[in-house]
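Throughout, protein chains are lettered first and strands after them, A, B, ... in sequence-line order, and every chain is numbered starting at 1.
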Amino acid sequence: MARLTLPPSSPSQVSLPPDKFSAIKTANYTQIPTWVSLRSNSSSLKNPQLQQGRLENVHLVSLSKQGKLKEAHRFLEEMDEAGVSVSPRSYESLLETSGKLRSLSYGKLIHDRLRTTVENPPGFLESRVLQMYCDCGSFWDARKLFDEMRVISMASWVIIISAFAREGLLKDALKLFSQMQNMGIEASPSIYISLLSSLLDSSYLELGKQLHCHVIKSGFYDNVSMDTAITNMYVKCGCLDIAELAFNRMNEKNAVTWTGLMVGYTKAEKQEHAIKLFCSMVKEGVELDEFVFSITLKACAGLKDLEMGRQVHGYIMKLGLEYEVTVGTPLVDFYVKCRSMESACRAFERISEPNDVSWSAIISGYSQIGEFDDCIKIFNSLRSKGVVLNDFIYTSIFQACSVLADLNLGSQAHGDAIKRGLVSYLYGESALITMYAKCGRLDYAYKVFESIDEPDTVAWTAIIAGCACHGTASEALSLFRQMRACGVRPNTVTFIALFTACSHSGLITEAKQYLESMSSEYGVHPIIDHYDCMVDTYSRAGQLEEALELIRTMPFKPDAMSWKSLLGGCLIHRDFKIGEIAAERLLELDPEDTAAYVLMFNLHASSGHWEEAARYRRMMAERDLRKEVSCSWVSINGKVHRFIVGDRHHPQTEEIYSKLQEFKFTRTSNENSFLTEDDASLGLLERKEQLLDHSEKLAIAFGLISTPNNAPIVVFKNLRACKDCHDFAKYVSKVTGRQVVVRDSNRFHHFKSGECSCGDYW
DNA sequence: CTAGGGTTAG
């Protein structure tokens, strides 16, 4: 008899891919036999009748539970040589592990071994093999095995139908279901549950009703799981009223049943109803679990009802569930949505084992309150700690990079996400399009867009918005037509992007047509933002009467944005009469809006009405309002250099200012010299005469001296570009032959040979 | 031996 060598007790040499370690973590280590004792008295070999290979099989199962399939396979071969037979229990475990680890190759090896070495395998092993193929996602193998089965157990029917249903292969699942019926086999509740729960939206309602009829005819009474599945089918198909009926008819309900209905109401934006259900649960004494709190907190978050959420939080603490990640994470999100970042952080710290979802919730929290630097900080620390990152996190990071205009970090994170295989999700890709577009690389944005096989509404919207902010309106409109041709439906945001493109290029007729047809032709009902865009389009184009008329006749009460857009137009086109109206209305709606004061100041100052101008400055001072300090920055070799007006802090200040002097740039038309936002931010009226040290010019000058002669210069600015700096950039591009790109708070300006892509229209 | 529920984002 061959000698049986047992494996060394050192850690296994089998290396599993890192993402499969979870299986090892969940392994039951109590199953590990002490193989030292196995080795010392390998009595089973000496006395086969006594042990019948029991210990070897225990060891085999142990290896399998630890996910050590390679080692298990080696051990199997040794058992063969030793003539020790493999127990059905071992086969069962090996098949289960192969499935869990989605290791088709080992699964197949076990299946082959079972076929060739065991003459009449017990029926349950056959269905275990089937399960393994389904778990590995190899439906072809599963189907082949199934078709070859001589006797099909109910378990096998359940396994294959539920696998097909879960995988979205509904047609195949239904075919098998009717095959069962034709064979006179009655489907079990599990089969109905699988089929019902694969019906994800209202397009399956008819099918769902038919299945419901089958269930009734089959006479299954009071099966909580199945009745829950029926209720949830109606929920997912959008029939909340029917779902509620089905729910009320149930004699016995559990937490799962309640949760399903609450999800439905929350999705339908009827959060109050969901919370009412939660209260009933408490009243009726239903045993609550973590999932109930997840959805309850989501409902509170949707309502931004801080009081309600706090009460729920108290209840959670009473039950000691705040440490659970399934409760703690939605709790974090709830506080984030209620703008209570401090509480969110506290809730986060209580989670005993935060997962990637918890991290994405807290990162998106920082992103939502505008603390983008914090987002990046957390991201970097997670990256270095090797925490699992998901596509949600990357989406937030790309968003942060768009706002910070940090192309460097953005493209690094992009590469990182590719390595982790997280980019293939549309959400992430759309965020990438926006990130590249807002970092000034419309070309990369296009590349990402073109790499998407079937762009969805959001992806199309992202690229259209990208074109809009770069001022390529005709491209935006053409993309919109292509989108329609591809059968993708535009949504509210798509139209905002489209209108933005029109307003930046003065396409009044087009904008008007879209506004009139969006509801009838595209099924998107205009909201006030769309009208505000139209007001903006008219205003920029100088059609101020039309803009005012639209504000007065539109089906919404004008908001601050309506008047702000109009006021902006009045400034460009020097209309005091309408400007005054707009400013008054704007200040009524939002007395803290600094833009109103600055715009009115400029409007009067630009025509020499200094007293009127001063009145607005005084008002601003009295209300203790300050404009955000204007700031421009340029990134050189990954390092960001920031400038404010008159800045002399940069180590190369002398060089920068002498470069500026070189241009001897003088204003082209004196009448157009407004007091700019730069100046207004400092409150220095006398600045009017010396505009050479605006942050934007400093950044451009620094770009000129720090990059090769032919390199384009990309400058970012937190406020809108002023006319003077705009002229300066044009001049620089003409004299130096360099391409200058300026992103202001509104859009991109591409300067080339003395011309700007905005056509002086911004 | 199978089946029912939740949280993150553009």
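Ranking B:dG10, B:dC1, B:dG4 by closeness to the A:Q399 side chain, first place goes to B:dG10. Taking every side-chain heavy atom of A:N254 into account, B:dG4 is the closest of B:dG4, B:dA3, B:dG6. Relative to the side chain of A:T329, the nucleotides B:dG6, B:dT8, B:dT7 differ in distance, and B:dT7 lies closest. Listed nucleotides B:dT7, B:dG10, B:dT8 differ in distance to A:V458; the shortest reach to its side chain belongs to B:dG10. Ranking B:dT8, B:dA3, B:dT2 by closeness to the A:Q131 side chain, first place goes to B:dT2. Distance from the side chain of A:T259 is smallest to B:dG6 among B:dG6, B:dT2, B:dG4. Nearest to the side-chain atoms of A:N232 among the listed nucleotides B:dG5, B:dG10, B:dT8 stands B:dG5. With B:dC1, B:dG10, B:dG4 as the candidates, the nucleotide lying closest to the side chain of A:S225 is B:dG4. Considering only side-chain atoms of A:E92, the nucleotide from B:dG10, B:dG6, B:dC1 that sits closest is B:dC1. Nearest to the side chain of A:I295, among B:dG6, B:dT8, B:dA3, sits B:dG6.
Here A:T434 lies out of heavy-atom contact (under 4.0 Å) with every strand. A:S127 comes within contact range of no nucleotide atom at all, as no heavy-atom separation falls under 4.0 Å. Within the 4.0 angstrom heavy-atom criterion, no nucleotide atom of any strand lies near A:D356. Within 4.0 Å of A:D227, counting heavy atoms only, lies no atom of the nucleic acid at all. Using a 4.0 Å heavy-atom cutoff across all strands shown, A:E290 reaches no nucleic acid atom at all. Residue contacts shown for A:V158 are limited to sugar-phosphate atoms, with no base heavy atom under 4.0 Å away. Among the atoms of the strands shown, none is found under 4.0 Å from any heavy atom of A:V327.
Considering only side-chain N and O atoms, A:K298 lies nowhere under 4.0 angstrom from the phosphate OP1 or OP2 of B:dG6. OP1 or OP2 of B:dG4 has not a single side-chain nitrogen or oxygen of A:R166 nearer than 4.0 Å. Distances shown here put a side-chain N or O of A:K236 below 4.0 Å from the OP1 or OP2 atom of B:dG5.
Taking a cutoff of 4.0 Å between a charged side-chain nitrogen and a carboxylate oxygen, A:D333 and A:K337 qualify as a salt bridge. Salt bridge absent: A:K447 and A:E450 never bring a charged side-chain N and a carboxylate O closer than 4.0 Å. The pair A:R383-A:D416 meets the salt-bridge criterion, since a charged nitrogen lies less than 4.0 angstrom from a carboxylate oxygen.
Below 30°, between 30° and 60°, or above 60°: for A:F748 and A:H470 the angle between ring planes is below 30°, a parallel geometry.
Note: CG (A:D456) to C1' (B:dG10) measures 9 Å, nearest angstrom. Atom CD1 of A:I193 and atom C1' of B:dG5 are 13 Å apart (whole Å). In this structure, A:L196 places its CG atom 11 Å from P of B:dG5, rounding to the nearest Å. For the pair A:L331 CG and B:dT8 C1', the interatomic distance rounds to 14 Å; values are reported in whole Å. Here the C1' atom of nucleotide B:dG4 and the CD atom of A:E252 are 13 Å apart, to the nearest Å. Protein atom CG of A:D289 is 12 Å distant from nucleotide atom C1' of B:dG4, rounded to whole Å. In this structure, A:F247 places its CZ atom 15 Å from P of B:dG5, rounding to the nearest Å. Regarding A:L422, its CG atom lies at a distance of 16 Å from the P atom of B:dG10, rounded to whole Å.
There is a side-chain donor-acceptor pair under 3.5 Å between A:Y265 and A:E244. Residues A:S64 and A:T97 have side chains that bring a donor and an acceptor to within less than 3.5 angstrom of each other.
Each side chain to side chain donor-acceptor pair (under 3.5 Å) pair with one or both residues in residues 154-174 of chain A, not counting sequence neighbours, appears once here: A:S153-A:S156.
For A:F291, the ring pair (Phe, Tyr, Trp, His ring centres under 6.0 Å) test picks out no residue, with sequence neighbours left out.
For the contact set between residues 357-369 of chain A and DNA chain B, defined by any heavy atom under 4.0 Å, the members are A:V357, A:S360, A:S364, A:Q368.
Within a 6.0 Å radius of CZ in A:R489, other residues, nucleotides and ligands contribute 12 heavy atoms or fewer.
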